[in-house]
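What follows is a set of notes on a single structure, which appears directly below.
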Amino acid sequence: MTSRGPGKQVRKSAAERRREIVAAAAAVGLQEGLECVTRQRIADALGVQPGLIHHYFPVVEELVAEAFTSATMAELDGLLPEAGTDRDSGCPLRTLQRFFTLTSGTEFDNISKLWLNARNLSRHRPVLHDRVVNQELRWCGRIEEIITQGVREQAFQCSDPWAAAVRILAVVDGISAYINTSADHRMAPLTDLARTIAEAELQLPSGTLRSS
């Protein structure tokens with residue numbers, strides 16, 4: 001398979017082609033829903049034959065699962081960078097302030113819809129189900145890591161960072177459950193709920209996790 005340009009044809013490596021397919025599938029999943037991640041749809045998006053998609057993903061459910069994982073990992077790394085990366089100069093307080101500011105806006109509406117979509121479909125799709133569970137646990141682990149760092153630096157007080165992380169994420173997810181239906185009517189009263197719960201979990205004064 002080749003990539004056509006103004007000059008000579010350049011053959012993409014298998015790894016490059018696979019990443020390209022997953023990226024296209026993630027974009028379709030975000031914009032149209034995971035039900036629309038089919039070989040034909042991704043082939044059309046890339047301008048290739050469906051047989052190429054089949055070559056890399058003989059089982060289309062694997063592509064659906066990869067699309068979900070790719071999109072949600074990009075979201076996680078954008079919202080809560082991993083330790084050792086550019087995480088607001090390593091300050092857990094600023095990391096959480098930024099997290100709640102971003103998640104209270106509309107920028108991540110599509111990813112919220114994707115999570116709802118994936119959780120619904122995962123009832124009948126075992127491969128996707130495993131990826132959803134893994135991503136949920138990865139999210140909780142990332143928040144736990146930040147809380148643990150904050151406790152160690154005496155920025156937070158929390159006796160059980162894992163439990164606190166699970167409760168905080170449950171609230172964030174619960175709020176996003178309205179994104180497909182009554183968000184316009186319900187989101188304003190819920191805007192600060194996750195932040196308020198997090199402040200209580202970490203024994204912080206009200207408003208501490210609001211970005212200045």
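The residues of the chain are indexed from 1 along the displayed sequence.
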Determine, for [X] against [Y], whether the closest basic-nitrogen to carboxylate-oxygen distance falls under 4.0 angstrom.
| X | Y | value |
| --- | --- | --- |
| Asp192 | Arg195 | yes |
| Arg17 | Glu20 | yes |
| Glu136 | Arg119 | yes |
| Arg125 | Asp130 | no |

Hydrophobic cluster identity match, [X] and [Y], side-chain contacts under 4.5 Å:
| X | Y | result |
| --- | --- | --- |
| Met73 | Leu63 | yes |
| Phe156 | Val166 | no |
| Val133 | Val64 | no |
| Val22 | Leu46 | yes |
| Phe108 | Phe99 | yes |

How far apart are the C-alpha atoms of Gln157 and Val151, what are their side-chain angles, what is the distance that settles it, and do they pass the side chain to side chain contact (heavy atoms under 4.5 Å, CB included) test? CA-CA 6 Å; Gln157 295 183 53; Val151 170; over 6 Å; no

What is the minimum heavy-atom distance between [X] and [Y], and which atoms define it?
| X | Y | result |
| --- | --- | --- |
| Ala25 | Ile42 | CA-CD1, 3.5 Å |
| Leu193 | Val171 | CG-CG1, 4.0 Å |
| Leu204 | Ala155 | CD2-O, 3.4 Å |
| Ala118 | Val132 | CB-CG2, 3.8 Å |
| Cys140 | Leu169 | SG-CD2, 3.6 Å |
| Arg210 | Gln97 | O-NE2, 3.9 Å |

If you apply the rule side chain to side chain contact (heavy atoms under 4.5 Å, CB included), what do you find for Trp139 with Val172, and how did you get there? CA-CA 11 Å; Trp139 268 84; Val172 172; over 6 Å; no

Just do the side chain to side chain contact (heavy atoms under 4.5 Å, CB included) check on Glu66 and Arg18 with the steps written out, would you? CA-CA 10 Å; Glu66 284 288 329; Arg18 193 178 192 281; 4.0 Å; yes

Residue pair [X] / [Y], side-chain heavy-atom distance below 4.5 Å:
| X | Y | answer |
| --- | --- | --- |
| Asn117 | Glu35 | yes |
| Arg98 | Pro81 | yes |
| Leu34 | Val28 | no |
| Leu93 | Leu209 | yes |

Just jot down the side-chain hydrogen bond (donor to acceptor under 3.5 Å, both in side chains) partners of [X], sequence neighbours excluded, or say none.
| X | result |
| --- | --- |
| Arg138 | Gln135 |
| Trp115 | Glu75 |
| Thr208 | none |

Tell me if the CD atom of Gln203 is crowded by more than 12 foreign heavy atoms within 6.0 Å.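 Enclosed.
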
Separation between [atom1] of [X] and [atom2] of [Y], rounded to the nearest 0.5 Å:
| X | Y | atom1 | atom2 | answer |
| --- | --- | --- | --- | --- |
| Ile21 | Ser70 | CD1 | OG | 12.5 Å |
| Ser112 | Asn110 | OG | CG | 8.5 Å |
| Arg167 | Ile143 | CZ | CD1 | 12.5 Å |
| Leu128 | Arg123 | CG | CZ | 13.0 Å |
| Glu199 | Ile168 | CD | CD1 | 10.0 Å |
| Phe68 | Ser122 | CZ | OG | 8.5 Å |

Could you verify whether a donor N or O on one side chain and an acceptor N or O on the other, from Gln149 and Glu153, lie under 3.5 Å apart?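 Yes, because at least one side-chain N or O of Gln149 sits under 3.5 Å from a partner of the opposite role on Glu153.
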
Applying side chain to side chain contact (heavy atoms under 4.5 Å, CB included) to Thr148 and Trp162, what does each step give before you reach the verdict? CA-CA 9 Å; Thr148 299; Trp162 172 257; over 6 Å; no

Any donor and acceptor pair, going by atom type alone, linking the side chain of Glu16 with main-chain N or O of Ser13 inside 3.5 Å?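 Such a contact is found between Glu16 side chain and Ser13 backbone.
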
